[in-house]
Amino acid sequence: MSKTLQLQFETARGKNVTLTIDEPRSNLTEAEMQTGMETIISSNAFQSDGSPLAVIKSAKIVDRTVTEII
């Protein structure tokens, strides 16, 4: 089983952007997520088509089970 943290933002031009982080810490709190995402926005480290991230849309942890057959 693998887990990913998906952080979804909207750019200043209204485009949705998702940042994905593998194997996030299991005890993340909503406050930590909010603060972290606000820090990502204020850092201007990420852009999409020249437009900076501007709005927090969502954060979720996705569990995935992969079964190899061959």
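Please read all numbers here as calculations on a predicted model, not as lab measurements.
The CG atom of L19 sits 6.0 Å away from the CG atom of L53 when rounded to the nearest 0.5 Å. Atom OG1 of T35 is separated from atom CD1 of I40 by 11.0 Å, given to the nearest 0.5 angstrom.
In this structure E10 satisfies the salt bridge (Lys or Arg N to Asp or Glu O under 4.0 Å) test together with K57, sequence neighbours excluded. With sequence neighbours excluded, the residues satisfying side chain to side chain donor-acceptor pair (under 3.5 Å) with S48 are K15. For R25, the salt bridge (Lys or Arg N to Asp or Glu O under 4.0 Å) partners two or more places apart in sequence, or in a different chain, are E32.
Residues M33 and V55 are members of separate hydrophobic clusters, defined by side-chain heavy-atom contacts under 4.5 angstrom among Ile, Leu, Val, Met, Phe, Trp and Tyr. Residues M37 and I61 are members of one and the same hydrophobic cluster, defined by side-chain heavy-atom contacts under 4.5 angstrom among Ile, Leu, Val, Met, Phe, Trp and Tyr. Cluster membership check: L28 shares its hydrophobic cluster with I56, using side-chain heavy-atom separations under 4.5 Å among Ile, Leu, Val, Met, Phe, Trp and Tyr.
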Donor-acceptor contacts, no H, no angles, side chain residues 2-9, under 3.5 Å, sequence neighbours left out:
from: Q8; atom 1: OE1; to: S58; atom 2: OG; distance (Å): 3.4

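If you check the side chains of E30 and Q34, you find no donor sitting under 3.5 Å from an acceptor.
I70 forms part of a hydrophobic cluster together with I69, judged by ILVMFWY side-chain heavy-atom separations under 4.5 Å.
Remark: the backbone N or O of D49 is paired with a side-chain donor or acceptor of R13 at under 3.5 angstrom.
For E23, the CD atom sits in a packed shell: over 12 heavy atoms of surrounding residues, nucleotides or ligands are nearer than 6.0 Å.
Closest heavy-atom contact between A12 and A54: N-CB, 3.7 Å.
Pairs passing the side chain to side chain donor-acceptor pair (under 3.5 Å) check and including a residue from residues 60-70, sequence neighbours excluded, do not occur.
For the pair T11 and Q47, the minimum side-chain heavy-atom distance is 4.5 Å or more.
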